Amino acid sequence: MREARRPNAVGRDQAVTSSLAKNNAESLRAWVKAGGVLVGIGGGAALLREKDVDLSHAAEWKPPRDKVKKDETAAAEPRTSPRKPAPADEADIENRRIRIPGAIFRTRAKPEHFLLFGSPEPPRVLLATDAPLIAPPDPFETVVSIERDKPLASGHAWPEAIERMAGTPYLIAEPAGKGWAITFLDDPNFRGFWLGTSLLFGNAAILAPSFTP
């Protein structure tokens with residue numbers, strides 16, 4: 001009888017990951033590099049990008065404005081009576097996160113990648129997020145990305161949010177030693193009915209450990 005092996009895939013879909021990274025970073029890195037597969041979903045994928053874990057070179061979108069610098073400048077200025085922000089300050093669309101309330105987007109995909117096994121065409125994906133991703137430097141690590149031309153397939157999203165999401169990675173697979181760090185932009189198993197992306201998650205959890213980078 002073959003000896004049972006330890007689990008080789010982990011899915012994280014919770015945004016609270018800092019404590020896990022702080023207390024287990026070295027163990028997580030060693031486990032993945034030995035052949036484990038770490039799957040990060042939505043905000044939970046920040047775990048892969050934590051400085052101590054450092055398994056992903058993707059990045060979350062940041063506003064163009066340097067908020068830290070602005071705060072430091074404001075602290076150095078003499079305090080004055082509060083004023084009501086100007087209308088332009090209230091809008092500030094360029095620097096605001098714009099949430100998509102739940103809409104279907106078209107994608108581009110690498111059909112030959114093992115994470116696409118069983119998917120006959122680029123999947124339509126459901127997005128309910130305000131956090132686009134910046135792709136890692138290696139273009140081959142982005143497996144599925146949001147279509148750049150007419151990305152919205154169905155549902156409602158603000159034009160600014162659609163423009164910001166166009167071209168953003170949806171599914172990233174980054175090799176790490178003998179294992180993988182896999183990122184989903186949003187929940188592929190949303191309410192258990194979005195079967196096209198559930199297939200991708202199944203491939204990440206079940207097939208990925210068999211494909212050594």
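The shown structure was predicted, so the numbers you read here are calculated from the model rather than taken from an experiment.
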Atom CZ in Arg108, atom CZ in Arg106: separation rounded to 0.5 Å?
-> 12.5 Å
May I ask you to test the Val144-Pro122 pair for a side-chain heavy-atom distance under 4.5 Å?
-> no
Take Val125 and Asp186 through the side-chain contact (heavy atoms from CB on, under 4.5 Å) test and state the conclusion after the steps.
-> CA-CA 9 Å; Val125 301; Asp186 210 346; over 6 Å; no
For the hydrophobic clusters of this structure (ILVMFWY residues joined by side-chain heavy atoms under 4.5 Å, transitively), does one cluster hold both Val143 and Phe114?
-> yes
Phe211 and Leu115: side-chain contact (heavy atoms from CB on, under 4.5 Å), yes or no, with the steps?
-> CA-CA 10 Å; Phe211 286 81; Leu115 291 177; over 6 Å; no
Kindly indicate whether the side chain of Lys33, heavy atoms from C-beta on, has any atom under 4.5 Å from the side chain of Lys178.
-> no
Might you point out which heavy atoms bring Leu48 and Gly40 nearest each other, and give the distance in Å?
-> CD1-N, 4.1 Å
So do Thr168 and Trp61 actually touch side chain to side chain, heavy atoms under 4.5 Å?
-> no
Do the rings of His113 and Trp180 sit parallel, tilted or perpendicular, given the 30° and 60° boundaries?
-> perpendicular
Is there side-chain contact between Trp158 and His156, with at least one heavy-atom pair below 4.5 Å?
-> yes
Answer yes or no: is there a side-chain heavy-atom contact under 4.5 Å between Leu116 and Pro111?
-> no
Which heavy atom in Ala58 sits nearest to a heavy atom in Arg49, and how many Å separate them?
-> O-CD, 3.0 Å
Shortest non-hydrogen separation from Ile206 to Pro209 and the atoms involved = O-CD, 3.5 Å
Taking atom CZ of Phe117 as the centre, report whether more than 12 heavy atoms of other residues, nucleotides or ligands fall under 6.0 Å from it.
-> yes
Distance, nearest 0.5 Å, that separates OG1 of Thr197 from CG of Asn189 = 7.0 Å
Working to the nearest 0.5 Å, report the span between CD1 of Ile41 and CZ of Phe190.
-> 13.0 Å
Could you pull out the closest heavy-atom pair between Phe184 and Ala204, with the gap in Å?
-> CE1-CB, 4.2 Å
Gly102 versus Leu126, closest heavy-atom pair with distance = C-CD1, 4.2 Å
Please confirm whether the backbone N or O of Arg99 pairs with a side-chain atom of Asp130, one donor and one acceptor, at under 3.5 Å?
-> no
Evaluate the side-chain proximity of Asp138 to Glu174: yes if any heavy-atom separation is below 4.5 Å, no if none is.
-> no
Linking I/L/V/M/F/W/Y whenever their side-chain heavy atoms sit closer than 4.5 Å, directly or via other members, would Ile182 and Leu207 fall into one cluster?
-> yes
Just wondering, do Trp194 and Ile104 contact through their side chains at under 4.5 Å, heavy atoms?
-> yes
Heavy-atom nearest pair, Ala157 first then Ile162, reads O-CD1, 3.5 Å
Mark yes when over 12 heavy atoms from residues, nucleotides or ligands other than Glu163 sit less than 6.0 Å from its CD; otherwise mark no.
-> no
Polar side-chain atom of Thr107 near backbone of Pro123 as donor-acceptor pair, under 3.5 Å = yes
So CD of Glu147 and CE of Met165: to nearest 0.5 Å the spacing works out to 15.5 Å
Heavy-atom side-chain contact between Ile146 and Leu127 under 4.5 Å = yes
Identified side chain to side chain contact (heavy atoms under 4.5 Å, CB included) partner of Leu47 from the options Val53, Thr183, Leu55 = Val53
Roughly how far, to the nearest 0.5 Å, is the CG atom of Leu185 from the CD atom of Glu60?
-> 9.5 Å
Distance (rounded to the nearest 0.5 Å) between Asp54 CG and Leu28 CG | 12.5 Å
